[in-house]
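The first residue in the sequence is number 1, and the count goes up from there. When a ligand or atom number is given, it counts from 1 through the structure's own listing order. Below, all heavy atoms of this structure are taken into account, side chains as well, without hydrogens, waters or symmetry copies.
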Amino acid sequence: MPATVAKSPPKYPPVRNYIGGQFVPPKAPLLEVLNPADGTLLSQVPLSTEGELDAAVRAAREALPGWSGRTIKDRVQVFYRYRSLLERDFASLAALITEEHGKTRSEAEAEVAKAIELTEFACSLPQIVTGEVLEVSRGVECRTDRLPVGVVASIAPFNFPNMVPHWTIPNAIALGNCLVLKPSELVPLSAGRIAELLAEAGLPDGVFSVVHGGRAVVEAIGDHPGISAVTFVGSTRVAQAVYRRATANLKRALALGGAKNHLLVLPDADLEMTSSNVVASMAGCTGQRCMAASVMVAVGGTDHIVRRLVEHARAVVPGENLGPVISGEAKERIERYVTEAEQAGATLLLDGRNTVVPGREGGFYVGPTVLDHVRPDMAIAREEVFGPVLAIVRAGDVDQALAIENASAYGNAASVFTESGGLARYVTERASAGMVGVNVGVPVPREPFSFGGWNDSKFGVGDITGHGSIEFWTRTRKTTTKWNREAGTNWMS
Ligand code: NAD
């Protein structure tokens, strides 16, 4: 494991919670935040507990009547302004993501661009969430309105410090809720900038809060009686625990978990498009994406594609167009999976272990790694690795490949690479995943389409973004009205 250079003073002062429109000096014990590119100390983050959470929930409950009482057309004006601020600060927001997370500048810019797209969807909500009205019998009218759920919480993972918070912030708040964000303690800095920009855009105090910390504050979110709905994005183990706790406390919950995405490559697949897309999917964001390619199922005569993708993978250079992984522990875990697979008989085509970037010896780098002839029962083929590692499993035909994909406990994404429309359809209809792609390595549905997987990749009903999120962030009021007295009473009204 690389040495951690954590003894120099932190670059930034300790991160503060943002409660009731104020940044609050930390009271809780502090945890070090490292720059993963060189291991230096970036900042410190408070490990808040239920006391700090309670202050945020109280501020949110105070703000709720005023905020939810506005019309949605009025509420989204904040997000029109906020969108312009994201554009204005595009470069500095991306630079901060790179600093705390390690991803390359272009990956960080893509993250901010996606945050802008998510904000644009929220701006369009007034056109989408119109209610319904119908005269159900003469003079009797039924009407449905969408109202906010109340005070809600959003718990985020480390891998998208800016984008994943935007999966929930704009939609939940535009729909009239007050939201408490719990960022990952590994990447807590971007959340403060989001709070500042929302305030500058005119969001009233208390509508948005940030409470930093780890397990203790997440458990307090699950227990707090003032919080009505909880979303979570992170690993499956924690997703299950958060979902169980929140629903046991009778809250609405949606918990997105880990992934093990399979790309099925058929022999007729376009050589260049397939080999470059597979590598971009497995190495992009250093493989730390829940949509990353993890297993490539090579069907039949695909050696020429395997050879070409290794060439593409060799062009991915740590410290140049490949960022570090998040921590020394992550580097160790990823390299252990590779070592164990090799010991179990897999063929190492490209080995990214023991990577050191000159001048950044304290960074947590793993180079692109490709293993061939991985067996489906090996840990590297079944468990989430979350690094720039591709496990190639060989299959004789499409049905065998589908059986391998279907056997995964996860179900976030799956893709097929082929020139045959019929085979593509055969695979997309049978893959056990919530998001499927054809000749696309990272099949993320863009707005207004909703994001969300199946199986152990998601617990709860509905999706977290797009149209799917509207149901989660609102409850409906059904009003029945009668204005024709002369109709008297009938069997229904
Ligand atoms: P994580 O589960 O370790 O942490 C996620 C959040 O939970 C963090 O805010 C963390 O502070 C908190 N947490 C950690 N341990 C906890 C515990 N024991 N009890 C309560 N809270 C706890 O995930 P991570 O390492 O930050 O993120 C990577 C994971 O997230 C991967 O598994 C990845 O696939 C997944 N992910 C999934 C999606 C998706 O859409 N399905 C999107 C992004 C990331």
Undergrad: Among protein heavy atoms, which sits nearest to atom 13 (N) of ligand 1, and what does the distance come to when rounded to 0.1 Å?
TA: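 Ranking protein heavy atoms by distance from atom 13 (N) of ligand 1, first comes Val238 CG1, 4.0 Å.
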Undergrad: Taking only Lys NZ, Arg NE, NH1 and NH2, and the carboxylate oxygens of Asp or Glu, determine whether Glu99 and Lys11 approach each other closer than 4.0 Å.
TA: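 Lys11 and Glu99: salt-bridged.
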Undergrad: Are any non-hydrogen side-chain atoms of Ser209 and Leu181 less than 4.5 angstrom apart?
TA: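 They are not in side-chain contact.
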Undergrad: Check whether any heavy atom of Phe451 sits under 4.0 Å from an atom of ligand 1.
TA: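 It does, in that a heavy atom of Phe451 comes within the 4.0 Å cut-off of ligand 1.
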Undergrad: Counting each atom of ligand 1 from 1 as listed, which ones have a heavy atom of Trp167 under 4.0 Å away?
TA: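 Listed by number with element: 40 (O), 42 (C).
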Undergrad: In the protein, which heavy atom is nearest to atom 27 (O) of ligand 1, and how far is it?
TA: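 In this structure, atom 27 (O) of ligand 1 has Pro157 CB, 3.3 Å as its nearest protein heavy atom.
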Undergrad: My understanding is that only residues two or more places apart in sequence, or in another chain, count here; which of them pass ring pair (Phe, Tyr, Trp, His ring centres under 6.0 Å) with Phe158?
TA: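 By the ring pair (Phe, Tyr, Trp, His ring centres under 6.0 Å) rule, Phe158 matches His101, Phe386.
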Undergrad: Centre of Tyr410's six-membered ring, under 6.0 Å away, within 45 degrees of the axis: is that where NZ or CZ of Lys458 sits?
TA: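 No.
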Undergrad: Is any side-chain N of the basic residue among Arg237 and Glu384 closer than 4.0 Å to the acidic one's carboxylate O?
TA: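 Salt bridge flag = no for Glu384 with Arg237.
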Undergrad: Asn412 heavy atoms, cut-off 4.0 Å: which ligand 1 atoms fall inside?
TA: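 The list of qualifying atoms is 41 (N).
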Undergrad: Write out the residue and atom name of the closest protein heavy atom to atom 24 (P) of ligand 1, then the distance separating them to 0.1 Å.
TA: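 Answer for atom 24 (P) of ligand 1: Phe158 CD2, 3.6 Å.
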Undergrad: Are any of the N/O atoms on Ser235, whether in the backbone or the side chain, positioned under 3.5 angstrom from an N/O atom of ligand 1?
TA: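 In this structure, Ser235 places an N or O atom under 3.5 Å from an N or O of ligand 1.
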Undergrad: Counting only non-hydrogen atoms of the protein, does one fall under 4.0 Å from atom 9 (O) of ligand 1?
TA: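 Under the 4.0 Å cut-off, atom 9 (O) of ligand 1 does have protein heavy-atom neighbours.
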Undergrad: Asn159 heavy atoms, cut-off 4.0 Å: which ligand 1 atoms fall inside?
TA: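 So the answer, numbered in order with elements, is 43 (C), 44 (C).
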Undergrad: What protein heavy atom sits nearest atom 7 (O) of ligand 1, and how far off is it?
TA: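 That would be Phe232 CE1, 3.2 Å.
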Undergrad: Under the salt bridge (Lys or Arg N to Asp or Glu O under 4.0 Å) rule, what pairs show up with a residue in residues 241-250, not counting sequence neighbours?
TA: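 Only Glu219-Arg245, Asp223-Arg245 qualify under salt bridge (Lys or Arg N to Asp or Glu O under 4.0 Å).
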Undergrad: Among Gly453, Pro183, Gly257, whose heavy atom sits nearest atom 41 (N) of ligand 1?
TA: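 Result: the heavy atom closest to atom 41 (N) of ligand 1 is in Gly257.
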Undergrad: May I ask you to check if ligand 1 and Lys182 share an N or O to N or O distance below 3.5 Å?
TA: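 Yes.
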Undergrad: Could you check atom 19 (N) of ligand 1 against the protein and tell me its nearest heavy-atom contact, residue, atom and distance included?
TA: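 It is Arg215 CG, 3.3 Å.
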Undergrad: When you measure from atom 35 (C) of ligand 1 to each heavy atom in Gly214, Ser327, Gly234, which option holds the nearest one?
TA: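 Among Gly214, Ser327, Gly234, the closest heavy atom to atom 35 (C) of ligand 1 comes from Gly234.
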Undergrad: Consider every N or O of Gly258 and every N or O of ligand 1, then say whether any pair is closer than 3.5 Å.
TA: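 No.
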Undergrad: Ligand 1 and Leu256, any nitrogen or oxygen pair closer than 3.5 angstrom?
TA: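 Looking only at distances, the answer is no, because the N/O contact criterion of under 3.5 Å is not met.
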Undergrad: What residue and heavy atom of the protein are closest to atom 39 (C) of ligand 1, and at what distance?
TA: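 Here the closest protein heavy atom is Cys290 SG, 3.3 Å.
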Undergrad: Using a strict cut-off of less than 4.0 Å between a Lys/Arg side-chain nitrogen and an Asp/Glu carboxylate oxygen, indicate whether Glu111 and Lys103 qualify as a salt bridge.
TA: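 Salt bridge between Glu111 and Lys103, a charged N being under 4.0 Å from a carboxylate O: yes.
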Undergrad: Would you check if the side chain of Asn277 reaches a backbone N or O of Val440 as a donor-acceptor pair within less than 3.5 Å?
TA: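 Absent.
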Undergrad: For the 3.5 Å polar cut-off, considering only N or O atoms, please tell me whether Ala156 and ligand 1 meet it.
TA: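 So ligand 1 has an N or O lying under 3.5 Å from an N or O of Ala156.
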Undergrad: If you measure from the Lys or Arg side-chain nitrogens to the Asp or Glu carboxylate oxygens, is any gap between Arg83 and Glu87 under 4.0 Å?
TA: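 So Arg83 pairs with Glu87 through a salt bridge.
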Undergrad: What about Glu384: any of its N or O atoms under 3.5 Å from an N or O on ligand 1?
TA: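 Between Glu384 and ligand 1, an N or O pair is found under 3.5 Å apart.
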Undergrad: Looking only at protein heavy atoms, identify the closest one to atom 28 (C) of ligand 1 and say how far it is in Å.
TA: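 Going atom by atom, the protein heavy atom closest to atom 28 (C) of ligand 1 ends up being Phe386 CE2, 3.6 Å.
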Undergrad: Non-hydrogen atoms of Ile155 versus ligand 1: any pair closer than 4.0 Å?
TA: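 Ile155 counts as a contact of ligand 1 under the 4.0 Å cut-off.
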Undergrad: If I apply the N/O under 3.5 Å rule, does Thr236 come out as touching ligand 1?
TA: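 The answer is no, given that Thr236 and ligand 1 share no N or O pair closer than 3.5 Å.
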Undergrad: Which of the numbered atoms in ligand 1 are under 4.0 angstrom from any heavy atom belonging to Ser184?
TA: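 Ligand 1 atoms under the 4.0 Å threshold to Ser184: 9 (O).
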Undergrad: Using a 4.0 Å cutoff against the non-hydrogen atoms of Glu185, which atoms of ligand 1 qualify?
TA: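 Close to Glu185: 10 (C), 11 (O).
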Undergrad: With distance as the sole test, does Ser184 use its side chain to make a donor-acceptor pair with the main-chain N or O of Leu186 at under 3.5 Å?
TA: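 Flag set: sc Ser184 to bb Leu186 pair under 3.5 Å.
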Undergrad: Salt bridge or not between Arg446 and Glu117? Use side-chain N to carboxylate O under 4.0 Å.
TA: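 Yes.
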Undergrad: If you have a sec, work out which protein heavy atom is nearest atom 20 (C) of ligand 1 and how many Å separate them, to one decimal?
TA: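 Protein heavy atom with the smallest distance to atom 20 (C) of ligand 1: Val218 CG1, 3.5 Å.
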